[in-house]
Q: 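Take a look at this one; I'll ask things after.
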Amino acid sequence: MISTRLHPDKQTAAQAIAGEIADLIEIRSKSGKTTVLGLATGSTPLPLYAELIRLHRAEKLSFRSVITFNLDEYAGLGPSHPQSYRFFMEENLFRHLDIPAGNIHIPDGLSKDAAKNCADYEAAIRAVGGIDLQILGIGRTGHIGFNEPPSAADTRTRWVHLDEVTRRDNSVFFGDLAQVPQGALTMGVATILEARRVELIAFGEAKADIVHRAMKEAPSAACPATWLQQHPRCTFHLDAAAAKAL
Ligand code: GLP
């Protein structure tokens with residue numbers, strides 16, 4: 001079931017979600033447990049990451065007990081490529097926190113054996129007991145992670161071909177469409193649905209149509225975000241513009 005939470009602006013949404021993450025980390029670490037976070041890239045989660053960094057600096061929130069798994073990575077891009085998701089995460093979150101380097105997981109865009117890398121990724125998630133809380137954005141094609149249409153509910157971490165709409169949307173970061181990789185490694189829909197909590201964030205009018213489809217269309221591979229309707233604990237964090245069509 002999807003519940004919606006309306007926020008007046010990005011900053012307020014970031015504070016609310018960061019507060020939930022901080023509570024989860026603190027409660028679990030008090031009883032010696034790790035917290036497993038699923039993380040997203042794109043412009044949407046940036047205010048959230050800035051707020052987590054602020055909580056770490058100003059409120060001494062520690063990330064030593066946190067384990068992270070990112071949703072996806074571009075095929076062919078390594079950690080030093082400025083558009084790789086590994087680079088993005090280091091710059092915008094990890095290097096500012098006290099998270100142990102060994103606790104960070106991102107699919108390897110340079111892997112020579114993508115199938116093995118993806119199977120190992122699934123195994124690593126299972127080995128730590130699954131994802132406690134998954135952060136998601138949403139693409140205009142209805143993709144979550146890089147699960148482009150069609151993506152079935154039973155898909156797992158795998159190599160995917162990127163939709164041309166997504167390549168065009170993301171070309172602003174690369175400066176040139178030809179530089180945008182054709183493929184990516186992404187957690188599957190089933191991987192995402194197994195997270196115990198899902199927090200999807202969408203801001204702005206450009207996301208209004210896809211937010212409406214994700215919540216109102218019957219779940220199908222044609223709009224992968226619709227599968228979230230089958231999740232027991234999924235919240236869409238929206239501003240008024242993104243909620244406009246609901
Ligand atoms: C990318 C990522 C997604 C993200 C989406 C939306 O394609 N793979 O995880 O949700 O873009 O990006 P933005 O938040 O910039 O709109």
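Just follow the structure's listing: the first ligand is 1, and inside any ligand the first atom is 1.
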Q: Which of these passes side chain to side chain contact (heavy atoms under 4.5 Å, CB included) with Glu199: Arg5, Glu20, Gln134?
A: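 Answer to the side chain to side chain contact (heavy atoms under 4.5 Å, CB included) test with Glu199 among Arg5, Glu20, Gln134: Glu20.
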Q: Report, as yes or no, whether the 6.0 Å neighbourhood of atom CZ on Arg140 holds more than 12 heavy atoms from other residues, nucleotides or ligands.
A: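 Atom CZ in Arg140 is not packed in, count stays at 12 or less.
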Q: Note the single closest protein heavy atom to atom 5 (C) of ligand 1, along with its residue, its atom name and the distance in Å.
A: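 Answer for atom 5 (C) of ligand 1: His143 NE2, 3.6 Å.
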Q: Look at ligand 1 and say whether Gly145 reaches it with a heavy atom at a distance under 4.0 Å.
A: yes
Q: Side chains of Asp9 and Thr12: donor-acceptor distance under 3.5 Å anywhere?
A: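 On atom types as modelled, these side chains qualify, holding a pair under 3.5 Å.
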Q: What is the closest protein heavy atom to atom 1 (C) of ligand 1, and at what distance does it sit?
A: Tyr85 OH, 3.6 Å
Q: How far is atom 6 (C) of ligand 1 from its nearest protein heavy atom, and which residue and atom is that?
A: Ile138 O, 3.6 Å
Q: Strictly under 4.0 Å, does any heavy atom of Arg140 approach an atom of ligand 1?
A: no
Q: May I ask you to decide whether Glu73 forms a salt bridge with Arg86, counting only side-chain N to carboxylate O separations under 4.0 Å?
A: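 Arg86 and Glu73: not salt-bridged.
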Q: Give me the one residue out of Thr35, Ile25, Leu93 that meets side chain to side chain contact (heavy atoms under 4.5 Å, CB included) with Phe63.
A: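 By the side chain to side chain contact (heavy atoms under 4.5 Å, CB included) criterion, Phe63 pairs with just one of Thr35, Ile25, Leu93: Ile25.
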Q: How close does the nearest protein non-hydrogen atom get to atom 16 (O) of ligand 1, and which residue and atom is it?
A: Lys207 NZ, 2.6 Å
Q: Who's the nearest protein heavy-atom neighbour of atom 12 (O) of ligand 1, and how far?
A: Gly42 CA, 4.0 Å
Q: Who gets closest to atom 10 (O) of ligand 1 by heavy atom: Pro45, Ala40, Gly137, Ala206?
A: Gly137
Q: Quick check on contacts: which atoms of ligand 1 are under 4.0 angstrom from a heavy atom of Thr44?
A: 13 (P), 14 (O), 16 (O)
Q: Looking only at protein heavy atoms, which one is nearest to atom 8 (N) of ligand 1, and what is the separation?
A: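 Its nearest protein heavy-atom neighbour is Asp72 OD2, 2.9 Å.
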Q: Are there more than 12 heavy atoms of other residues, nucleotides or ligands under 6.0 Å from atom CZ of Arg64?
A: no
Q: Less than 3.5 Å between some nitrogen or oxygen of Ser43 and one of ligand 1, yes or no?
A: yes
Q: Looking at every heavy atom in both Glu59 and Arg54, which two are closest together, and how far apart are they?
A: OE2-NH1, 3.7 Å
Q: Counting only nitrogen or oxygen atoms and a 3.5 angstrom limit, does Thr41 reach ligand 1?
A: no
